[in-house]
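Take a look at the structure below.
Chain letters run A, B, ... following the sequence lines, proteins first and then strands; every chain starts at 1.
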2 protein chains.
Amino acid sequence: MTISTRKERQKEELKAKILQTAKELFMEHGYEATSIRNIAERIEYSPTTIYLYFKDKDDIFYALHREGFVLLNQYFRPLSHVANPFERLKAISKAYITFAIENGELYDLMFILQSPMDALKKDKSDKKDDPDWEEGNRAFAFLVNTIEECIAMGSFKGMNAEILAFTTWSMVHGVCSLEIRNRCSVISELNQKDLAQRACEMINEILDRSHNYTPS
Amino acid sequence: MTISTRKERQKEELKAKILQTAKELFMEHGYEATSIRNIAERIEYSPTTIYLYFKDKDDIFYALHREGFVLLNQYFRPLSHVANPFERLKAISKAYITFAIENGELYDLMFILQSPMDALKKDKSDKKDDPDWEEGNRAFAFLVNTIEECIAMGSFKGMNAEILAFTTWSMVHGVCSLEIRNRCSVISELNQKDLAQRACEMINEILDRSHNYTPS
DNA sequence: ATGATTTACTTAACGGTGTTAAGTTACTAT
DNA sequence: ATAGTAACTTAACACCGTTAAGTAAATCAT
């Protein structure tokens, strides 16, 4: 028994090593420039070995995808102590953009690249209630709950919490993705990250005005 | 003279034909699945011929990029007749998302793909005042001008027009890019395009509340 | 203990990609 | 007529993701 569990462990170790190496290369050079052959070379195995542990390239990046959400939740965790739900909402949007700027390639993988979504489509038909998606659901649920609390306090009168959560996410994602995919430099002379920061502050300002709003 | 002008014309015709074929294939199958060899095969030339007309693959897609902005401006054109600047702003955001949904692949090229930005980086150092970028500038200027008119009318008190324009663009881009890159289906049971539409309406609602806002 | 089977991995190959160096043809100018 | 140029092609390089077939060692069954 102990000998077969050792083998089991070694298999898992190799799988983890492939994943970690993929992550390193991906962080260094991005998705396009990371090849199965590169990964194989760095871990000193033949490229085909990787296919014994992962279905295909998308499958590897789908696994990294999950790690991204774990990290994002770490950025969110301290914010659960912010008592005022509206302050918490603004803190979430700030933490989100900080995460995006500090982990550009990972953000790209999680929210821009098609690849991990393709992997999801291939063998998972359930989508939402898949255990790999748990961390993603947790992150989004935190946002939805915060907005529900805002509404319970009388903010955002007449708005649907889930739609507003998606909309808020869209707004900050818009800033982050334009920054990551280099669309900021083209329209403004400002430093790119400054522009992103100022846009994010403005989103908070707009949310502020919107949540305080009382029809006249 | 007339014989050499004919040759000149034929060269331009072939260049246009390459571009049009690239566009067709790109619209049908997306960026990744469109290869130089595919294009060459369809126009019945050898793949290397394409390199006599375009520097590389990015260069081809950068050219299509420009056409995308021409089309976007066509969506915007009728809106210049909307007299009320705030109504015009909301109409712009609606037209933008309609453009994105009706021309998904083109939108992807213009605002998501890295490729055309790489082409821009390669041989253009001026960036903003490059003639190829004229149509893009026109589209953004239309948004900035509209917001400036809003501010002149007393809306969005205390906000910077350019930053607000960028922020507004970010907000609608966020919705469009999440939809195009398949991140909607994961978080909601709603039909993807419905979700995008509702998010866009909510952005207009938020802008509405924000522009009506008077500090209490 | 020995033969059969399974496990873990590799070699070699397929069909594709973007790109370039060298070669070919046909037209043009002297 | 000949040298030169313009337009295009052939062949190749160095990659890519992926798979079929093969190998060597460990394990299992008799």
Tyr53(A) side chain near dC9(C) phosphate (N/O to OP1/OP2, under 4.0 Å): yes
Ring-face cation of Lys57(B) near Tyr31(B) (centre distance under 6.0 Å, axis angle within 45°): yes
Length of the NZ-C1' vector between Lys11(B) and dA7(D), whole Å: 8 Å
Separation of Leu164(A) CG from Leu89(A) CG (nearest 0.5 Å): 7.5 Å
Atom-pair distance (CD1 on Ile43(A); C1' on dC9(C)), nearest Å: 12 Å
Nucleotide dT10(C), atom C1' - distance to CG of Leu52(A) in whole Å: 10 Å
Short side-chain N/O contact to dT19(C) OP1/OP2 from Lys57(B), under 4.0 Å: no
dC16(D) phosphate, OP1 or OP2, under 4.0 Å from Asn38(A) side-chain N/O: yes
Side-chain-base donor-acceptor pair under 3.5 Å for Arg37(A) and dG17(D): yes
Sugar-phosphate only, base, or nothing, as touched by Thr48(B) at under 4.0 Å among non-hydrogen atoms: base
Gln10(B) CD - dA6(D) P separation (whole Å): 16 Å
dT10(C) OP1/OP2 closer than 4.0 Å to side-chain N/O of Thr49(A): yes
Rounded distance (Å) that lies between atom P of dC14(C) and atom OH of Tyr51(A): 17 Å
Nucleotide of dT9(D), dC9(C), dT18(D) approaching Ser46(B) most closely (side-chain heavy atoms): dT9(D)
NZ/NE/NH1/NH2 to OD/OE distance under 4.0 Å, Lys90(B) and Glu87(B): yes
Interatomic distance where CD belongs to Glu41(A) and C1' belongs to dC15(D) [whole Å]: 13 Å
Sugar-phosphate only, base, or nothing, as touched by Tyr45(A) at under 4.0 Å among non-hydrogen atoms: sugar-phosphate
Glu41(A) atom CD, neighbour heavy-atom count above 12 within 6.0 Å: no
Separation of atom CD1 in Ile36(A) from atom P in dG17(D), rounded to whole Å: 5 Å
Salt-bridge contact Arg138(A)-Glu135(A) (side-chain N to carboxylate O under 4.0 Å): yes
Phe54(A) CZ - dA8(C) C1' separation (whole Å): 16 Å
